[in-house]
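Single-structure report; data block below.
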Amino acid sequence: MTVLSSALDTASPDYRANRDAMLARLTDLEAEHAKALAGGGAKYVERHRGRGKLLARERIELLLDPDTPFLELSPLAAWGSDYAVGASLVTGIGVVEGVECLITANDPTVRGGASNPWSLKKALRANDIALANRLPCISLVESGGADLPSQKEIFIPGGAIFRDLTRLSAAGIPTIAVVFGNSTAGGAYVPGMSDHVIMVKERAKVFLGGPPLVKMATGEESDDESLGGAEMHARVSGLADYFAVDEPDALRQARRVVARLNHRKAHPDPAPAEPPKYDPEELLGVVPGDLKIPFDPREVIARLVDASDFDEFKPLYGTSLATGWAALHGYPVGILANAQGVLFSAESQKAAQFIQLANQRDIPLLFLHNTTGYMVGKEYEQGGIIKHGAMMINAVSNSRVPHLSVLMGASYGAGHYGMCGRAYDPRFLFAWPSAKSAVMGPQQLAGVLSIVARQSAAAKGLPYDEDGDAALRAMVEQQIESESLPKFLSGRLYDDGVIDPRDTRTVLGLCLSAIHTAPYEGARGGFGVFRM
Ligand code: COA
């Protein structure tokens with residue numbers, strides 16, 4: 001039997017303390033998510049409803065098949081910036097007429113749905129997901145276009161939105177635009193570049209220039225409807241393929257379009273899987289509030305994978321990294337999970353070998369992060385830690401099976417890279433509220449700065465200001481700590497969302513299902529030169 005056993009004692013004070021710390025973080029997270037749900041706030045929501053319009057998430061709900069889940073992505077985008085949490089855009093994966101689709105919806109209650117730099121990042125990330133996983137892309141459009149005060153940040157890179165739509169189309173991935181309101185100037189190219197276009201009567205406004213601009217440019221007198229109304233585009237310009245009498249009708253027609261796409265998944269759905277033997281609720285008590293205390297990731301794996309069944313690979317070698325095979329909602333996965341925090345040479349070589357094996361067998365990889373990075377020190381440098389870490393990074397970079405990453409605890413330094421951090425293009429990356437990510441821990445970073453400053457003063461023959469040093473260290477520590485937190489990093493789109501640990505199996509299952517829409521094949525060769 002390869003069913004994992006568990007040593008988690010739910011009656012122990014440690015478990016209770018871990019659980020309390022996690023629940024406190026989840027309460028904080030819920031408050032931040034509530035800000036995204038509130039959109040532009042009561043005043044703008046009421047005004048929007050007063051106009052007889054549906055909110056962004058209501059539109060999505062009506063679009064999706066009843067009682068199917070919506071995996072919302074990056075709800076904390078723009079957290080910690082001057083812009084509203086959520087970045088005036090809702091994105092996620094949902095099922096329409098049995099087809100998993102990537103859905104984006106402007107939130108018109110936030111500054112007219114205008115796109116700021118974070119909305120742009122979020123929209124581009126959504127396009128990447130659609131392209132990598134061959135998900136039809138449905139845009140629910142109502143936007144004031146570029147957020148004008150921040151135009152310098154978005155005008156030039158923003159062109160990628162329209163480029164992506166036509167590249168998706170060229171790759172045979174359907175794109176559908178449903179226009180509920182304003183979609184003018186550059187925004188007109190969202191319907192303009194989409195394969196299928198639906199517009200709502202007397203609501204859609206799709207023109208390159210509105211009446212005032214036309215008056216300025218050519219002197220022509222015009223009005224919204226004749227320049228860009230749904231009826232005009234459906235009857236005269238031909239930009240609209242379908243004319244909807246109201247919003248629910250538009251969403252109904254969008255569903256009919258999807259029903260006729262003949263979009264087929266590359267992989268059949270797996271048979272229903274056996275749930276884990278242990279209660280996922282217990283995931284709340286696995287990660288210590290203080291990340292300096294290690295935890296056994298097998299306790300997490302036991303609560304994520306089908307039947308808690310895990311065939312560990314090389315269990316006696318490189319024991320600070322657990323590797324092994326399992327299934328998650330019926331999909332085979334290879335798992336790499338940090339066990340003791342530090343990655344040594346043996347762990348790095350084991351990881352490189354394991355990643356190659358997964359590629360030979362076409363098995364997706366799941367990275368469970370809790371690492372302080374690669375080991376430093378004379379013994380380890382002399383033992384070749386750089387070249388061994390490089391082997392692991394080479395394997396991760398050139399691997400061609402889909403990757404999933406979950407930041408459970410620490411994800412520091414090059415360890416974040418080796419474990420398939422954001423820059424290594426995992427198909428999806430989520431963080432738990434307990435996660436922390438930075439170039440190194442706050443204390444270490446502040447300490448390094450202090451040592452460098454002390455040496456610099458000594459080299460110049462100057463006295464060192466000890467009080468100033470203590471104050472600087474404290475300040476730097478606090479700054480790095482706050483910049484390492486998941487809501488800060490999620491705000492910058494460095495993950496696809498911060499999730500409740502208890503939802504991890506469901507979230508990963510939804511991701512694996514979306515991933516299996518596209519074909520994939522592991523790398524049989526094609527790795528860089530492995531330094532031996
Ligand atoms: N950039 C920055 N802020 C914008 C914006 C934009 N593109 N569009 C709207 N806003 C702001 C408004 O200033 C307003 O802020 P306030 O409430 O603090 O005064 C808020 O968003 C709501 O706008 P409002 O005009 O009251 O909403 P509306 O629902 O009646 O109209 C639009 C929405 C989008 C039709 C209208 O605001 C508009 O035409 N905006 C400019 C569109 C444009 O030309 N964009 C450039 C395209 S590249």
Side-chain angles (χ1 to χ4, degrees), residues 35-36 38-59 77-78 81-90 104-124 139-165 177-194 199-218 220 222-233 239-240 246-247 250:
K35 290 181 190 166
K43 175 180 147 196
Y44 290 97
V45 168
E46 275 161 33
R47 190 177 71 164
H48 188 72
R49 284 199 194 288
R51 293 168 171 172
K53 293 183 162 203
L54 293 163
L55 298 175
R57 285 181 182 76
E58 292 170 344
R59 289 173 179 163
S81 77
D82 293 339
Y83 301 97
V85 175
S88 68
L89 184 71
V90 184
T104 69
N106 301 116
D107 184 346
T109 68
V110 185
R111 296 186 73 73
S115 288
N116 59 58
W118 303 108
S119 334
L120 175 62
K121 269 197 146 193
K122 187 165 171 176
L124 293 175
S139 313
L140 305 182
V141 185
E142 179 166 15
S143 165
D147 177 82
L148 293 172
S150 58
Q151 69 82 28
K152 71 175 189 304
E153 313 287 348
I154 46 177
F155 166 61
I156 289 174
I161 295 282
F162 318 125
R163 175 206 68 191
D164 283 355
L165 282 173
V178 190
V179 186
F180 295 93
N182 211 61
S183 178
T184 62
Y189 290 100
V190 174
M193 308 309 295
S194 294
M199 292 191 195
V200 179
K201 180 183 171 187
E202 290 164 9
R203 295 291 167 95
K205 288 188 182 59
V206 186
F207 36 66
L208 293 182
L213 192 145
V214 172
K215 173 87 180 149
M216 290 300 293
T218 65
E220 184 189 15
S222 53
D223 59 78
D224 284 352
E225 213 35 49
S226 64
L227 279 179
E231 188 131 12
M232 186 287 283
H233 280 307
L239 179 62
D246 56 20
E247 295 201 14

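Everything numeric here is computed off the predicted structure, so don't read it as measured data. Remember, it's 1-based here, ligands and their atoms both numbered in the order they're listed.
Asn182 places no side-chain N or O within 3.5 Å of a backbone atom of Glu142 that could act as its donor or acceptor partner. Under the 3.5 Å distance criterion, the side-chain polar atoms of Lys122 are left unmatched by any main-chain donor or acceptor of Ala77. In this structure a side-chain-to-backbone donor-acceptor pair under 3.5 Å is missing from Thr109 to Val45. No donor-acceptor pair under 3.5 Å is formed between the side chain of Arg203 and the backbone N or O of Asp246. In this structure, Ser119 contributes its side chain and Ala87 its backbone to a donor-acceptor pair below 3.5 Å. With hydrogens and angles disregarded, no donor-acceptor distance shorter than 3.5 Å links the side chain of His233 to the backbone of Met199. Not a single donor-acceptor pair under 3.5 Å links the side chain of Asn106 to the backbone N or O of Pro108. Side chain of Ser139 to backbone of Val141: no donor-acceptor contact under 3.5 angstrom is found.
For CD of Glu225, the number of neighbouring non-hydrogen atoms (other residues, nucleotides, ligands) closer than 6.0 Å is greater than 12. Residue-environment remark: OH (Tyr189) stays at or below the threshold of 12 foreign heavy atoms within 6.0 Å.
Taking a distance limit of 4.0 Å, we find that atom 22 (C) of ligand 1 is approached by some protein heavy atom. Within a 4.0 Å radius of atom 2 (C) of ligand 1, the protein contributes at least one heavy atom. Counting protein heavy atoms under 4.0 angstrom from atom 31 (O) of ligand 1 gives zero. Note that atom 28 (P) of ligand 1 has protein non-hydrogen atoms nearby, at separations under 4.0 angstrom. Protein non-hydrogen atoms do not reach within 4.0 Å of atom 25 (O) of ligand 1. Within the 4.0 Å cut-off (strictly below), a protein heavy atom is located near atom 34 (C) of ligand 1. Protein heavy atoms all stay at least 4.0 Å away from atom 40 (N) of ligand 1.
Within the model, atoms CD of Glu58 and CG of Leu140 stand 12.5 Å from one another, a figure rounded to the nearest 0.5 Å. Taking CG of Leu227 as the start and OG1 of Thr184 as the end, the distance is 11.0 Å to the nearest 0.5 Å.
No side-chain heavy atom of Phe207 sits less than 4.5 Å from a side-chain heavy atom of Val214. Taking the side chain as every heavy atom from C-beta outward, Val206 and Ser183 approach each other to under 4.5 Å.
When each atom of ligand 1 is checked for a heavy atom of Ala185 under 4.0 Å away, the hits are 47 (C), 48 (S). Under a 4.0 Å criterion applied to the non-hydrogen atoms of Ala146, ligand 1 contributes the atoms 1 (N), 6 (C), 7 (N), 48 (S). Under a 4.0 Å criterion applied to the non-hydrogen atoms of Tyr44, ligand 1 contributes the atoms 16 (P), 17 (O), 18 (O). Ligand-side atoms of ligand 1 in range of Pro149: 2 (C), range being under 4.0 angstrom from any heavy atom. Below 4.0 Å from some heavy atom of Arg51 lie the following atoms of ligand 1, by number and element: 28 (P), 29 (O), 30 (O).
Residue contacts with ligand 1: Leu148 is placed with a nitrogen or oxygen under 3.5 Å of a nitrogen or oxygen of the ligand (distance criterion only). For ligand 1, the polar-atom distance check against Ala114 finds no nitrogen or oxygen pair separated by under 3.5 Å. Remark: ligand 1 and Arg111 share an N or O pair separated by less than 3.5 Å (distance only, no angle test). On a distance-only criterion, Gly186 and ligand 1 share no N/O pair closer than 3.5 Å. Between Ser143 and ligand 1, no N or O atom pair is found at a separation short of 3.5 Å.
At the top of the distance list for atom 44 (O) of ligand 1, counting protein heavy atoms only, stands Thr184 OG1, 4.5 Å.
Counting heavy atoms under 4.0 Å from ligand 1, residue Glu142 does not touch it at all. Only the side chain of Asn182 comes within 4.0 Å of ligand 1, counting heavy atoms alone; its backbone N, CA, C and O stay farther away. Of the heavy atoms in Pro108, none comes closer than 4.0 Å to ligand 1. Within the 4.0 Å heavy-atom criterion, the part of Arg47 lying near ligand 1 is the side chain and not the backbone.
The nearest non-hydrogen atom to atom 43 (C) of ligand 1, considering only Gly209, Gly112, Gly144, Gly181, comes from Gly144.
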